[in-house]
There are 2 protein chains.
Amino acid sequence: MKQTVAHRSPCPISRTLDIMGDKWTLVILRDITFFNRHTYAELAASREKIPTNLLADRLKRLVGAGLLEKVPYQDRPVRYRYQLTEAGQAIRPILMAMKKFGEQHLSGEGTKAP
Amino acid sequence: MKQTVAHRSPCPISRTLDIMGDKWTLVILRDITFFNRHTYAELAASREKIPTNLLADRLKRLVGAGLLEKVPYQDRPVRYRYQLTEAGQAIRPILMAMKKFGEQHLSGEGTKAP
DNA sequence: CCAGTAACTTTAAAAATGCAAGTTTATACT
DNA sequence: AGTATAAACTTGCATTTTTAAAGTTACTGG
């Protein structure tokens, strides 16, 4: 089923937020982009403990939005990996900017990866 | 009342998202950063039509997080403007990255400011 | 006194989130 | 054959957040 994301205005920033303006989408993209986590199980196991129903939902939205693709990487048994499309890879500068911001301005008592 | 934002993990990206990982925070910051909207009324009037209770809530959170400050800019009657702190100004690269992403990858049928 | 404006607050209904448990499909072990 | 394990989800339900709309407070200019 195709997931269409309605947009609030034609502004490119608000349209970007229509897709990734929530608590979890960008941490999934972070895990795929920087931490090499590509399977559902790997993503579910990451430190922030995303609820699995939200993980499933966000993956669907991201696939629907064309930022990820779900690819079987083995048969017997079939297993899937979520990988970035070209558009998905273009998220990297956003993540980098957030990383830098977090490091420079949110350093409460230690900010470390992941 | 002080608004403390609990964080999910020490990762600088997830900590950044703990503050601005939602549908509205970054559009408020966009309006202040790029469109010179600084008063509650100006922010409430922007194109995406943020519900006023959320605007009030987000402004409080941003002030609490040290990204904005609420400054009276006139007496009789007293009126306030929300302005970026130094940390708040550091959001700009994030917004720029989102703008670029939106323009390049979300150009459905026309993405224009605001 | 009355209308108008800025800056919020309140309310109730709708939607999203969070948590735990359950399901499905497939392989491996005994 | 029967049991166990694992990946990848789904379901049900309580809690929280978001939305839309209306209401409030403080002040002012006529």
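Because the structure is a prediction, the values reported are computed rather than measured. In what follows, every chain begins at residue 1, and chains take the letters A, B, ... in the order their sequences are listed.
Put simply, the side chain of B:Glu86 never gets that close to the backbone of B:Gln89: no donor and acceptor are under 3.5 Å apart.
Between the C1' atom of D:dA8 and the CD1 atom of A:Ile50 lies a distance of 14 Å, rounded to the nearest Å. The distance from atom CD of A:Gln74 to atom P of D:dA7 is 11 Å, rounded to the nearest whole Å. Between A:Leu43 atom CG and D:dC9 atom C1' there is a gap of 13 Å when expressed in whole angstrom units. One can place CD1 of A:Ile28 at 14 Å from C1' of D:dC9, the figure rounded to the nearest angstrom. In this structure, CD of B:Glu42 is placed 13 Å from C1' of C:dT5, rounded to the nearest angstrom. The separation between A:Arg61 atom CZ and C:dA15 atom P is 15 Å, rounded to whole Å. Put simply, CG on A:Asp18 is 15 Å from P on D:dT18, counting in whole angstrom units. One interatomic measurement links the two molecules: CZ of A:Arg81 to P of D:dA7, which rounds to 15 Å at whole-angstrom precision.
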Passes side-chain hydrogen bond (donor to acceptor under 3.5 Å, both in side chains), A:Glu69 versus A:Thr85? Steps please.
CA-CA 6 Å; A:Glu69 45 192 350; A:Thr85 60; over 6 Å; no
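Taking only side-chain nitrogens and oxygens, B:Lys60 comes nearer than 4.0 Å to OP1 or OP2 of C:dT9. OP1 or OP2 of D:dC9 lies within a sub-4.0 Å distance of a side-chain N or O belonging to A:Lys70. Within the structure, every side-chain polar atom (N or O) of B:Tyr82 is placed at least 4.0 Å from both OP1 and OP2 of C:dA6.
Note on B:Tyr80 and B:Leu68: separate hydrophobic clusters, where clusters join Ile, Leu, Val, Met, Phe, Trp and Tyr whose side-chain heavy atoms are under 4.5 Å apart, directly or indirectly.
Across B:Pro72 and B:Val78, no two heavy atoms sit closer than the pair CB-CG2, 3.9 Å.
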Summarise protein proximity over nucleotides 17-30 of chain C in one line of letters, 5' to 3': B for base, S for sugar-phosphate only, - for none, counting protein heavy atoms closer than 4.0 Å.
SBB-B----SS---
